Colleague: 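Below is the structure I would like to discuss, written out as structure tokens.
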2 protein chains.
Amino acid sequence: MVQQRLTERELRAWRTSFQMLELLRTRIEQQLQADSGLSNADYTVLALLSEAPDGRMRPYELGQVAGWEKSRMHHQLTRMGKRGLITREQCGPRGVDAVITAKGLATLKKAVPGHAQEIRRLFIDPLTAEELDEFARIAGTILDNLQADQPADIGDA
Amino acid sequence: MVQQRLTERELRAWRTSFQMLELLRTRIEQQLQADSGLSNADYTVLALLSEAPDGRMRPYELGQVAGWEKSRMHHQLTRMGKRGLITREQCGPRGVDAVITAKGLATLKKAVPGHAQEIRRLFIDPLTAEELDEFARIAGTILDNLQADQPADIGDA
DNA sequence: CGTGCTGAGTTGATGTATCAACTCAAGAGT
DNA sequence: ACTCTTGAGTTGATACATCAACTCAGCACG
């Protein structure tokens, strides 16, 4: 045994949580890929754009909401642009907007039901309503703590 | 708003949990990379090998414990082999063992304290003991459900 | 015997994530 | 006016993840 700083209980809590996340993420992504050809990253961007006024947002704004660093967002937008899911449009002197295309919106709309169903099946249904709320509450505590910690690249607007 | 199948409460629970786990994963990995040059994947393999008798395991066994598919494990072992963290040794007619090297063990031992400290700082300390237990319990419920669902590639031995 | 199946392992292609380094416009302060 | 800094955006290198397709020993069954 190499771990000396975490108790058995803490280590198990961490490993269980970590493995759960990894597996859940993988499953969600597989369903999404298989049914609609979208990755989790694609879906996140499309969902955020579809919720924005006029279906357009600045890349750095997207990055802040999604919690991504700028180069990740840039590469992602480039790949999505090649597939016709979004376009980049000039907006102002040195401003660029990421804009969801009709194809992007159609792809998203087609993907939503299956995605929601998979989230329900894998994440929501196995829990009681109380457990779900409790889990989300604790996750929120950890998330707040993380975001308050070292914003690294993604400063708050 | 595009989501029609999940309630507002469910959607928020999902997004909070997902983003928290992603951010936590990223932070843990950054600390690990910066302090010891290891990725989460490297650390997982080294930790599992270090806990195995003689520091050796079959790749498919590693894959089962870690919950990885075989090609992911293969590529990972190849990369780690190039860096001298592990070696592959013939064992039996068609059997290969992944074996942790002295360098791999030393790297792991050097990485453990900082890694444990970061897990404590970001995941354990912000919660009460009761919250941590509750979180781990619920994560376990979801994980069990996932593993019972569609084992896909990683069948049980 | 031989035909076909299974499962560990391998390979290459493609997509995704991260880091460092860079450009360049806009503002700040002198 | 001039330099300095900041921050959005871009780029390329590298590492990591996923999928499909393949090899090949061992085994089952007929």
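Just so it is clear, the structure is predicted and the values come from calculations on it, not from any experiment. Per chain, numbering begins at 1; letters A, B, ... match sequence-line order.
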Colleague: Have a look at B/Asp42 and say if it touches a base, only the backbone sugar-phosphate, or nothing, with a 4.0 Å heavy-atom cut-off.
Modeller: sugar-phosphate
Colleague: For B/Arg88 and C/dT11, what is the distance between atoms CZ and P respectively, to the nearest whole Å?
Modeller: 8 Å
Colleague: Mapping B/Glu29 and A/Ser39 onto DNA chain C by nearest heavy atom, which one lands closer to the 5' end?
Modeller: A/Ser39
Colleague: Grab the CD-P distance between B/Glu89 and C/dG9 for me, whole Å please.
Modeller: 14 Å
Colleague: Tell me, yes or no, whether the heavy-atom count around B/Glu61 atom CD, taken from other residues, nucleotides or ligands under 6.0 Å, exceeds 12.
Modeller: yes
Colleague: Scan B/Val99, B/Leu62, B/Thr44 and name whichever one has a side chain to side chain contact (heavy atoms under 4.5 Å, CB included) with B/Leu49.
Modeller: B/Leu62
Colleague: So does A/Gln30 get a side-chain nitrogen or oxygen closer than 4.0 Å to the phosphate oxygens (OP1/OP2) of D/dC19?
Modeller: yes
Colleague: Would you indicate which nucleotide in C/dT16, D/dA17, C/dA21 comes nearest to any side-chain atom of A/Lys70?
Modeller: C/dA21
Colleague: For D/dT18, does either OP1 or OP2 sit under 4.0 Å from a side-chain N or O belonging to A/Arg25?
Modeller: no
Colleague: If the cut-off is 4.0 Å, is B/Arg27 near the phosphate of C/dT18, judged by side-chain N/O to OP1 or OP2?
Modeller: no
Colleague: Which whole-number value in Å describes the distance from A/Arg58 CZ to D/dT10 C1'?
Modeller: 14 Å
Colleague: Which residues within residues 72-84 of chain B lie with some heavy atom under 4.0 Å of an atom in DNA chain C?
Modeller: B/His74, B/His75
Colleague: For C/dT18, does OP1 or OP2 lie under 4.0 Å from any side-chain N or O of B/Thr26?
Modeller: yes
Colleague: If only side-chain N and O atoms count, and only distance matters, is there a donor-acceptor pair under 3.5 Å linking B/Asp97 with B/Gln90?
Modeller: no
Colleague: What pairs with A/Arg72 under salt bridge (Lys or Arg N to Asp or Glu O under 4.0 Å), at least two apart in sequence or on another chain?
Modeller: none
Colleague: Without decimals, in angstroms, what is the distance between B/Met57 CE and C/dA8 P?
Modeller: 13 Å
Colleague: Give the nucleotide from the list C/dG9, C/dT18, D/dT18 with an atom nearest to the side chain of B/Ser71.
Modeller: D/dT18
Colleague: To the nearest Å, how far apart are B/Leu32 CG and D/dA15 P?
Modeller: 16 Å
Colleague: For A/Arg25, is there an ion pair with A/Glu22 - N to carboxylate O distance below 4.0 angstrom?
Modeller: no
Colleague: To the nearest Å, how far apart are B/Glu69 CD and C/dG9 P?
Modeller: 14 Å
Colleague: If I take atom OH in residue A/Tyr60 and atom C1' in nucleotide D/dT6, what distance separates them, rounded to the nearest angstrom?
Modeller: 13 Å
Colleague: In whole Å, what is the span from the CG atom of A/Leu85 to the P atom of C/dT16?
Modeller: 10 Å
Colleague: Is any side-chain N of the basic residue among B/Arg121 and B/Glu118 closer than 4.0 Å to the acidic one's carboxylate O?
Modeller: yes
Colleague: Is a salt bridge present between B/Arg83 and B/Asp42, judged by a nitrogen-to-oxygen distance below 4.0 Å?
Modeller: yes
